[in-house]
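Below is one structure, written out as structure tokens, with a few remarks after it.
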Amino acid sequence: MANPSPIDIQKALGGVDYPASAADLVKKAEDSGADSSVIDVLRGLPDRQYETPAEVNKAVAGN
């Protein structure tokens, strides 16, 4: 399965307060009803603090 686009990921994370942990990002995506592919990608992120949406996109691209 292809990775979701950065736009899909940021739509799922709309309104999240940065900095945010990987767990915070997964919870936000789940709460927003994100597609399972978005949630799966976020679950694969390293467990650290993300300062900006761009940082999340960069980490996802590295997966």
One should read off an interatomic distance between Y50 OH and L13 CG, to the nearest 0.5 angstrom, of 11.5 Å
In terms of heavy-atom contacts, I9 and V56 come closest through CG2-CG1, 4.2 Å
### Task
Establish, from distance only, whether the side-chain atoms of D24 and S21 form a donor-acceptor pair under 3.5 Å.
yes
message: Has K28 got a side-chain atom pairing as donor or acceptor with G14's backbone, closer than 3.5 angstrom?
response: yes
To the nearest 0.5 Å, atom OG of S36 lies from atom CD of E30 at 11.0 Å
Scanning both residues in full, the closest heavy-atom pair of A34 with A12 reads CB-CB, 3.5 Å
Worksheet item: Taking C-beta and beyond as the side chain, do D35 and P4 meet within less than 4.5 Å on heavy atoms?
Response: no
E55 and R48 have their tightest heavy-atom pair at OE2-NH1, 3.0 Å
